[in-house]
Amino acid sequence: MDFKFSEEQEKFRQDVRDFLEEELRQGLWQPSCDAWIQGYSPEFTKRVAQRGWIGLTWPREYGGQGRSHIDRLILTEEMLRYGAPAAAHWFADRQVGGSIIAFGSDEQKRELLPKIIRGEAYVGLGMSEPEAGSDLASLKTRAIEDGNDYIIDGQKMWTSCAHFMNYIYLVARTDPEAPKHRGISEFIIETSLPGITISPTIDITGSEAWAEVFFDNVRVPKRCLIGEKNRGFYQIINQLDYERAGLERLMGNYPLFDAIIKFVKETKRNGKPLSQDTLIRHKLAQLQIEFEVGHLLTYRVFMVIEEGRAPTVEAAMAKTYCTDFEQHLANTAMEILGLYGQLVAGSKLAPILGMAPHSYLGSKGYSLQAGTSEILRSIVAMRGLGLPRE
Ligand SMILES: Cc1cc2nc3c(=O)[nH]c(=O)nc-3n(C[C@H](O)[C@H](O)[C@H](O)COP(=O)(O)OP(=O)(O)OC[C@H]3O[C@@H](n4cnc5c(N)ncnc54)[C@H](O)[C@@H]3O)c2cc1C
């Protein structure tokens, strides 16, 4: 197997690096952990858009670049390596645009894709509800037809960056009488519509990156329905593969990985360099082994996508493994830093900008969001190993 990138691909990687280095040189943002999901910067997103780097793989007729998924892998890998604030466009670029291309009408493609590509449409993911997470098909939010509109009532929770986003990708029940998987549809709606209330959820790290979204008699035109009415559950399954597939599941905390290695190289404890402590050396080496394995698993996902296959099992394996790695990384960083490692960003005594406690607390959610590790292992057992459904 040859995992070398072509000359053009390496050149593209360098272009992305040069762009990000220049942004850093100008002090436009600071690298941070979780920046793909918490680093909301429409200004950064617009600068990325100007380079044609949103919708890189989408068809040219809708304003995309028609480039390969490997190019997108390279682009996202560098964004993550630098901890760049890409949250405003990440979800639309990663999965929503692909769903519009796969299931949307021509009118929706012409209206929405260029807006995403220009860095003007920021789309949050409205799937989970208080009683519908792993079992998404149990969702209760309703969209009932009324003339040329749907009327939406219900509640979503954990909607990523909802209070920043101007659109929400919503899954709602359109046929309450049908069996639960068969009465669900997908919509894209504007978050500014009357009747929508967004209430940020403050998580254990103090971040407000998620929200509860309440829908009270919200009237949306029928043209907001994506794809076929009542087929939404089957459509969303396709989108989830992309949600799980990316390097953000491995490299969301790359700035911490980079910083802890530098810290070990530069720090002495009790007169002895940390880099000569066998235990610490082995801990870092173990992380590096896991990082490489995670990379290979994720590269494989992109190769499957590039071949036009659905990476359901590959993405489930990669996400389970990679989020384990990220939790291990955060634990190890806390162990190496010792007591001062608990100080959060903002404290002048906090080592490595307080990244470690943020990751330590934040990484608990990684093995829940986008499908819990238990659910993903069940997918591998069933679809990968052919074991019977539980
Ligand atoms: C940080 C974070 C960000 C998120 N972002 C979004 C977002 O942007 N949009 C969105 O819609 N949702 C989002 N979610 C929600 C996420 O998708 C759900 O939390 C997840 O699907 C689990 O659902 P639940 O929380 O209801 O837990 P449950 O489904 O109630 O699960 C509880 C526990 O039971 C286990 N379990 C459940 N069913 C089974 C089973 N059949 N077999 C074995 N074990 C099982 C689970 O693994 C878990 O450990 C986010 C969640 C987090 C934590």
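Order of listing sets the numbers, starting from 1, for every ligand and every atom in it.
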- Note on the structure: A student comparing Ser128, Ser367, Gly126 should find that the heavy atom closest to atom 15 (C) of ligand 1 comes from Ser128

- Check whether the side chains of Tyr366 and Asp34 place a donor and an acceptor atom closer than 3.5 Å, and report yes or no. yes

- Query: Does any donor atom in the side chain of Glu10 or Gln14 lie under 3.5 Å from an acceptor atom in the other side chain?
  - Reply: no

- Query: For Lys265, does the NZ atom sit with more than 12 other heavy atoms under 6.0 Å from it, leaving out its own atoms?
  - Reply: no

- Query: Taking distance alone, with no angle check, do Thr159 and ligand 1 share an N/O pair under 3.5 Å?
  - Reply: no

- Can a donor-acceptor pair be found between the side chains of Thr174 and Ser185 at a distance below 3.5 Å? yes

- Message: Looking at atom 1 (C) of ligand 1, tell me if a protein heavy atom falls under 4.0 Å from it.
- Response: yes

- Task: Just jot down the ligand 1 atoms closer than 4.0 angstrom to any heavy atom of Ser160, in number order.
- Result: 5 (N), 6 (C), 7 (C), 8 (O)

- Could you tell me whether Arg17 atom CZ has more than 12 heavy atoms of other residues or ligands within 6.0 Å of it? yes

- Cationic N near anionic O, under 4.0 Å, Asp175 to Lys229: no

- Query: Can you tell which part of Ile375 has a heavy atom less than 4.0 Å from ligand 1: side chain, backbone, both or neither?
  - Reply: side chain

- Message: So, applying ring-ring contact (aromatic ring centres under 6.0 Å, His included) with Trp53, which one of Phe12, Trp90, Trp58, Phe44 is it?
- Response: Phe12

- atom 43 (C) of ligand 1: the protein heavy-atom neighbour that sits closest, reported with distance to 0.1 Å: Glu374 CB, 3.9 Å

- In terms of atom number and element, which parts of ligand 1 are under 4.0 angstrom from non-hydrogen atoms of Met127? 11 (O)

- Query: What do you reckon, is OH of Tyr234 surrounded by more than 12 foreign heavy atoms closer than 6.0 Å?
  - Reply: yes

- Any idea which protein heavy atom is nearest atom 25 (O) of ligand 1, and the distance to it? Trp158 NE1, 4.8 Å

- Query: When only distance counts, is Gln369 in polar contact with ligand 1, meaning an N/O pair under 3.5 Å?
  - Reply: no

- Distance-only polar pair, side chains of Ser363 and Gln327, donor-acceptor under 3.5 Å: no

- Task: For atom 20 (C) of ligand 1, decide whether some protein heavy-atom distance is shorter than 4.0 Å.
- Result: yes

- Contacting atoms of ligand 1, where contact means under 4.0 angstrom from a heavy atom of Thr372: 22 (C), 46 (C), 47 (O)

- Kindly state if atom 10 (C) of ligand 1 has a protein heavy atom within a strict 4.0 Å cut-off, that is, under 4.0 Å? yes

- Message: Counting only heavy atoms, tell me which of Ser138, Ser134, Ser363 gets closest to atom 29 (O) of ligand 1.
- Response: Ser134

- Indicate whether the side chain of Glu77 and that of His295 have a donor and an acceptor atom separated by less than 3.5 Å. yes

- Geometric cation-pi criterion, Arg81 with Tyr254: 6.0 Å, 45°: yes

- Does atom 34 (O) of ligand 1 have a protein non-hydrogen atom under 4.0 Å from it? no

- Query: With a 4.0 Å heavy-atom cut-off (strictly under), which part of Trp210 contacts ligand 1: side chain, backbone, both or neither?
  - Reply: side chain

- Query: In the protein, what heavy atom is nearest to atom 24 (P) of ligand 1, and what distance, to one decimal place, separates them?
  - Reply: Gly133 CA, 3.9 Å

- Query: Any nitrogen or oxygen of Glu129, main chain or side chain, under 3.5 Å from a nitrogen or oxygen of ligand 1?
  - Reply: no

- Is Leu125 close to ligand 1, meaning an N/O of one under 3.5 Å from an N/O of the other? yes

